[in-house]
Amino acid sequence: MTTKNSNYDFKWCPGCGDFGVRRAIEFALGGRNEKHETRMQDNVIVAGIGCSGNLVHLLESDEQPFGIHGIHGRTLPIALGVKSGSPNSNVIIVAGDGDFLSIGMEHIGPQAQRNLDVTAVIMDNGVYGLTKGQGSPTTKFGTVTSSTPFGKIEAALNPLSFYLEIGVSFIASHYSSKPRELAALIETAMEHKGFSIVHVQSPCTTYNDTYEQLKGNKRKGIDPGIIDLPEGYDPSDRAQAMAIIADGRVPLGVIYKEDRPTLNDQYVSLTGRAPATSSPDKILASYAI
Amino acid sequence: MTTKNSNYDFKWCPGCGDFGVRRAIEFALGGRNEKHETRMQDNVIVAGIGCSGNLVHLLESDEQPFGIHGIHGRTLPIALGVKSGSPNSNVIIVAGDGDFLSIGMEHIGPQAQRNLDVTAVIMDNGVYGLTKGQGSPTTKFGTVTSSTPFGKIEAALNPLSFYLEIGVSFIASHYSSKPRELAALIETAMEHKGFSIVHVQSPCTTYNDTYEQLKGNKRKGIDPGIIDLPEGYDPSDRAQAMAIIADGRVPLGVIYKEDRPTLNDQYVSLTGRAPATSSPDKILASYAI
Amino acid sequence: MEKRDFVVRFAGEANVVTATEALASAAASAGYYVYTFATFPSQILGGPIWTQVRISTVPVFGQGDYPDLLVAFNKYGYDTHHVELRPGGVTIYNSKEFDLPEDGLNFGIDVEALAKEVGNPRATNFVTVGAISQEIGFSLDDVKAFNKTKYSRGRDSDAQIIESNNAALELGAHAARDSGISIESIAAAIPPDYEQVMVESSDMIGLGAMAAGLDYYVGYPISPATKILIWMESRMVGENRFVHQTSSEIESINTLIGAGFAGKKVMTATSGPGLSLMSEGLGLAWMAEIPMVVVNVQRGGPATGLPTKTEQSDLFTCIHPAHGDVRMPVIAPGDLEECLFGSAKAVNWAERYQGPVILLSEMVLSERTQNIKKPDLSKIVVEERKVYTGDNGYHRYASEELSAMPIPGGPGAYVANGSEHDEFGDTTHLASVHVHGTHRRFGKLSLLNDGTYEEFNPEASITMMPWGGTKGPAREAFEILRERGVDIGWFYTMFLHPLPDGALGILKSKDLVIVPELNYQGQWSALLRMDRVKAESITQYTGLPFKAGLLADRIETMVLQHQEGKILA
Amino acid sequence: MEKRDFVVRFAGEANVVTATEALASAAASAGYYVYTFATFPSQILGGPIWTQVRISTVPVFGQGDYPDLLVAFNKYGYDTHHVELRPGGVTIYNSKEFDLPEDGLNFGIDVEALAKEVGNPRATNFVTVGAISQEIGFSLDDVKAFNKTKYSRGRDSDAQIIESNNAALELGAHAARDSGISIESIAAAIPPDYEQVMVESSDMIGLGAMAAGLDYYVGYPISPATKILIWMESRMVGENRFVHQTSSEIESINTLIGAGFAGKKVMTATSGPGLSLMSEGLGLAWMAEIPMVVVNVQRGGPATGLPTKTEQSDLFTCIHPAHGDVRMPVIAPGDLEECLFGSAKAVNWAERYQGPVILLSEMVLSERTQNIKKPDLSKIVVEERKVYTGDNGYHRYASEELSAMPIPGGPGAYVANGSEHDEFGDTTHLASVHVHGTHRRFGKLSLLNDGTYEEFNPEASITMMPWGGTKGPAREAFEILRERGVDIGWFYTMFLHPLPDGALGILKSKDLVIVPELNYQGQWSALLRMDRVKAESITQYTGLPFKAGLLADRIETMVLQHQEGKILA
Ligand SMILES: Cc1ncc(C[n+]2csc(CCOP(=O)(O)OP(=O)(O)O)c2C)c(N)n1
Ligand SMILES: Cc1ncc(C[n+]2csc(CCOP(=O)(O)OP(=O)(O)O)c2C)c(N)n1
Ligand code: SF4
Ligand code: SF4
Ligand SMILES: [Mg+2]
Ligand SMILES: [Mg+2]
């Protein structure tokens, strides 16, 4: 985080869920660095455009990871470049539901099919925060927002079942109020070899405050919207994953996990069939007449 | 089809599956026009860029439908514009697997969530035909193509299960060798109120000839790659749809069908809550001081 | 002494926005001419915001260079802005946050304490507006009227809020009276004898388009263009109209292709990054001859850039946004009236020449509120597309000129094609067909030469030619220069491409055309030089508009240099 | 009479491609200088293709205006092309398809019957190559050698194909001999005393980049850029290299952002529509200062345009592809050597100034095969990026100049930011920061002024300045003009932006710079006028390259008009 223009820096609104996600990511990076004896500079955070993406500037640790804060919706292709160009870097994406699932949605399938070894932490607040409160793909049908004065016309996308179908090899779900638990989940996701997504419900206190729906409120007769994984839940079992997602509440934990070779592994093994490295001189010689 | 530069017009290679799809579309349009007492000019074909998309120029009927042959991957948003702008038009998309599922894949989810009332006929040949034989999203893992000399690194996408998951409300599957059957399917899809996709295996005889895999070849011991729907198959049953897709062979028929209000219906019903049409004069008056 | 022109600047966080509204509204009600300016950080709540309200007894062109009165809600605001106060200007500061040595020109009010006193901690803004009203001689009643309208929202809390705000006003006025400091007050208003409306640019753009018959709008949120989407969503309702939020700008532009083809009058609005994403689709609209209007509300660039700052750096991209030979019509309104009539004209142009038109707006217009003469909508002549009504078998693209356009459901089915095409729209890449198509597409532009321009002192051999939102400060600079006796002309048009009939001839006849513009490369002067005009830019790229006085100085310097032969434009 | 320069045109369908290759290869083996040209319809198999092989005893610059010999495989080919034959030129036609009245300058061969006779219906091409060899005095042995190499593919059918092709050659030669028609034959080759290679532009672009250290490439297929992707996929293999097909051009460009940031030397290649889609990403690369090379192989535009035709109409878009103040370095090679060295330079430039560089190629280069002097790769000096190696806490963007770039895993972690940013890369939209950033980004361009240019007859006050693939025909036009005694200069560089040190001064000193270019708007002359050069274009937009002779006439006319005061550039 810059220190010089602190007056001028982006700040989240009081109570914004993203504060909790930041803490969790800081814990998780710390934990991972310790475990693997790596340094902060071995991590790269690729940030989307949104309140959520500003996380990359708001980390409070002394040592900072590398960051890319690019353009709206392109975290995944940028992460593809970072990871295939620097296989030893630990690559984390931070993005919002609008960035990742609306304008950026085209990039999820290809990365799933490649099993790109990066971890995406998605801050889902069911709204476009930074542009001040329009509907997003996860906004429920019929919801009134500034851009849907008569109610949203589209059905909401269910991100978890979408990830599962499209072939994401590690899927976790949580909410932002338990940074320690969330940190553990993110660390597990980073350990996973392949494409991992930690989908976090991170309420927008200004435009879509869902704390009550998530935590519940006995007094008002609101049941909690979160649900623990059942005893003996097996994330390698696709059917169980489908069932827990179908429940409709926000499951807390690793929903699905599947071990498959990553893009980098496949790349090395398939191009291993290629002829030995050709130097430009040798290639040029092959054009002689 | 233009008559003037016929020497210069695009032509499919001999045996290309797209010939069969063209016939089927001609039959289907004819059938639909008869049934609804509409004319060819009430139909709009939105074409992708690829050998497949050239279908829009190759229709042989005397009366021609309207057509839009735009840019690569954008049939769906264009169709959204046509249908929401001209609700009485029957809108058909013709596109290839590359156009629809690679560069254009981002547009499927939003249209499914809107239940846009158009029919997409996808000619899947598992390859980029027009650019001469590169891998596409439906090309199998490990396949050698001009752009994957050591084998394709990505897992193949299963379009049918993707459509099902993302909320497409009518999904059919067939292949190009039975134009009459295919025509009936396309006509049914056009009758469906909502987003319908007819996914057609349409072999590319030049770069990926799959006729034998589809039809089978007893002599060579190759089983047919197609499969009829089982007796009593119920397309409104999601579980049956998932099962038949999981089979792996190409099912012939309507795989899934679900009745939901379309975008246009929802639009009319939701914005019906809006105040009575305001004229510019009235709106201006509201700014008076 | 009484001033006829008074500028108040607020520097603080989110609360300055309502203070600005309140003051502006009260001033307008009292019959003054009001012109506001605001600039935000890219942040939701909080962060340093500053705004400005210019209040004048006569219509003004710009936001005012130097405030007469600064209201500083925090130290950062004071530190950043007090240097801008005009000599003798007064500061009202939040004494809860910081203190200033008394110098007879500032006074502190503990706005937070007073707000608490009235039982509404958010009423700090009304405390300051009360103090200002006292200082410059405004009646509190007008502010109270604004307060009442704004907070009558049908909620239980309405009455309490309105009352406490009113009380805060009184306390603020009291504090100002007690301060003993007095500044010039403002001369009595000379209310105009015509009806007025208090509007923003998004209102005007939306309304202008609707008045020209717009019936289809889609957009993806992006600052500062989102306002237009929001406006459309709740205003352009009713049968046969369609307004919708898309999933991306690529969806937006291609949706317009379909809807424009289907016969609708279509529009979207976006800002820089969205415009870049629309590049390929804009090329398609050009090639397939689909009428559409794309509004680009410029912010600072490049890339994500400066989403909440003003700049005029998208001009190159608007003129030729896509690969291949394309050149888009561009209308760049310079004030709120022009937002209205420019928007209407953009819709008319699109329908008339059957192709895409860019309406190029900018942040500084988008954040401005002004009371203007109620525009006469009947001046907008609605133009309808030439629609084909003949038999089938139509040769849509046979002519080298514009031809009637078939509409789905009607006769003359053809293919709208992004590939080069013959007269039916079918793909053909024969040389003769490409030559024909290129001539057709560029030739149609000549239908759009009906723009207007304004010229003052046309005899001068050196002229200044601002564009877009720079019109306002540049016009003030022009007045200053003329007062100083500098022999300089003024040439202005919002029709940047194609230029109005005759404009290019005038510009080419000048020895020097000076273009003040808010970008680094001097984009408009570069485009004028392309057209063989001897043009040079005066640039600024701070994310803020020009100050009229400084601009006048820079122009004068350039005129002198030219006279000394130092500029060889 | 013997000719020193001989042009054969083939008009037919797919089979003309191998005929072209065979003839070119045989001619090159025999020591001639060969230069091919081909133009296709947008179709997979079939459709009217025409190709040309120019065979010369000395190196040539262009593809040749008018064929000496036309081989027409069908009536359409004959009808379209015989008008282009130079007076006295001969036609060989497929008498199975159509007939021509005998005029002593044409003879029919039933190529299909002869091909059948040798048991290989596809050997029609070799029949014609046999006939041509006979006519122009080529040894069949060289063609046979090509045939052998080409069809030794390790398949069972190889021997049969080779044999039947050889037999077809003989039958063709026989038929020509029998025809009684004879045309000028070609003078004996003067084989060069240096090593040669027979190459295409995609080979050279790939190789040049690799020689400069490229180790990362991604691309999405699009004609005519796909060839580079294919080349890379099988050539740039081995450890620490990565080549991959993406799912779209938007994925490509953003992937390069990531990989360039990660320290790789990165490239992609695309054509017009893909370039337009990369608009936003290119702006990001500029803003975040990420080194990368984007090759744009121009085809006809706009939109899907003319995918298999040549045009030079993407220049505007390459120079400023995105919103905001950006201006990309652009290198536009004009021949195959320049494809090699230009590509290497593009990689070096990207690393040197830490930003995106456009390598602007075009269809006409992409479809050309030529035997050229084996390039000396050791002339390519590999430049490495300035990498940061100090301590953490680095101020990446503090300087107003280029600064060392940290690489993930190493020290100096920062944020590469597409929003305006302070010295750490954190988002800040303060005016001073934006001014600083803008100066920094534009200032770095001055590091790229080491391009070279060539100038002939520098004293002339009027000069011609072609760019890109127009270099070849323009050079021939220049020679023609000089022979005619026209006093005109020649100025050429592939470094369009920034121009080589000193170039702009020279160009500005001219009374007129004549720019022949293949687009409608005269894009390069327009950009030169922006830079205050008195430039005018001679344009063509047929999808085909200039003919040198006609171009010379048009230039001469313009020179005369200028002398008569009719052009006021
Ligand atoms: C190409 C482009 N389109 C639109 C925008 C404007 N924009 C900025 S953030 C945002 C959406 C933010 O929503 P989300 O990703 O959910 O993040 P949140 O703010 O809710 O955390 C949009 C549309 C942009 N910056 N770039
Ligand atoms: C933006 C853009 N990128 C790339 C291309 C080049 N291109 C044309 S067709 C095509 C893919 C064709 O594959 P598919 O959609 O499967 O159609 P098919 O030819 O196989 O029927 C591509 C990549 C293009 N025209 N535009
Ligand atoms: S607007 Fe919402 S998401 Fe953005 S900072 Fe505020 S609370 Fe968080
Ligand atoms: S390349 Fe394949 S898809 Fe294209 S026309 Fe030929 S057979 Fe059909
Ligand atoms: Mg969000
Ligand atoms: Mg395909």
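Within every chain, numbering begins at 1; the chains are lettered A, B, ... in the order of the sequence lines, protein sequences first and strands thereafter.
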- Reference residue D:Asn254; test side-chain contact (heavy atoms from CB on, under 4.5 Å); the match among A:Leu76, A:Thr75, A:Ile78: A:Ile78

Given heavy-atom pairs under 4.5 angstrom as the criterion, report whether the side chain, backbone, both or neither of [X] touches chain A.
X: D:Val266; result: neither
X: D:Leu377; result: side chain
X: D:His244; result: side chain
X: D:Asp203; result: both
X: D:Ala288; result: neither
X: D:Ser248; result: side chain
X: D:Ser247; result: both

Reported [atom1]-to-[atom2] distance for the pair [X] and [Y], which is rounded to 0.5 angstrom:
X: A:Leu80; Y: D:Phe242; atom1: CG; atom2: CZ; result: 6.0 Å
X: A:Ile71; Y: D:Asn417; atom1: CD1; atom2: CG; result: 12.0 Å
X: A:Arg74; Y: D:Thr255; atom1: CZ; atom2: OG1; result: 11.0 Å
X: D:Gln196; Y: A:Ile289; atom1: CD; atom2: CD1; result: 4.0 Å
X: A:Gln41; Y: D:Ile407; atom1: CD; atom2: CD1; result: 12.0 Å

- Got more than 12 heavy atoms from elsewhere within 6.0 Å of CG, D:Asp376? yes

- Message: Can you confirm whether more than 12 heavy atoms, excluding those of D:Glu195, are under 6.0 Å from its CD atom?
- Response: no

- Message: Does any backbone or side-chain atom of A:Ala288 lie under 4.5 Å from a heavy atom of chain D? Answer side chain, backbone, both or neither.
- Response: both

- Where on A:Glu106 is there a heavy atom nearer than 4.5 Å to chain D: the side chain, the backbone, both, or neither? side chain

Within a strict 4.5 Å, meaning less than it, do heavy atoms of the [X] and [Y] side chains meet?
X: D:Phe261; Y: A:Ser86; result: no
X: A:Tyr287; Y: D:Ile372; result: no
X: D:Ile250; Y: A:His107; result: yes

- Please name the pair of heavy atoms, one in D:Glu251 and one in A:Pro110, separated by the smallest distance, quoted to 0.1 Å.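 Shortest heavy-atom separation between D:Glu251 and A:Pro110 comes out as OE2-CB, 3.7 Å.
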
- Over all atoms of both residues, closest heavy-atom pair of D:Leu207 and A:Pro280: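 The pair with the smallest heavy-atom distance is CD1-O, 3.6 Å.
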
- Item | Side chain D:Tyr414, main chain A:Gln64, donor-acceptor under 3.5 Å | no

Sort out for me which of [options] touches chain D most, counting heavy-atom pairs under 4.5 Å.
options: A:Arg114, A:His72, A:Glu63; result: A:Arg114
options: A:Ser89, A:Gly70, A:Pro87; result: A:Gly70
options: A:Ile45, A:Ile283, A:Val44; result: A:Ile283
options: A:Asn88, A:Leu263, A:Leu284, A:Asn264; result: A:Leu284

- Task: Select, from D:Gly393, D:Ala211, D:Pro408, D:Pro406, the one with the greatest count of heavy-atom pairs under 4.5 Å involving chain A.
- Result: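 Looking at each option in turn, the highest pair count goes to D:Pro408.
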
- Item | chain A contacts, top residue of D:Leu284, D:Thr246, D:Asn371 (heavy-atom pairs, under 4.5 Å) |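 The residue among D:Leu284, D:Thr246, D:Asn371 with the greatest pair count is D:Leu284.
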
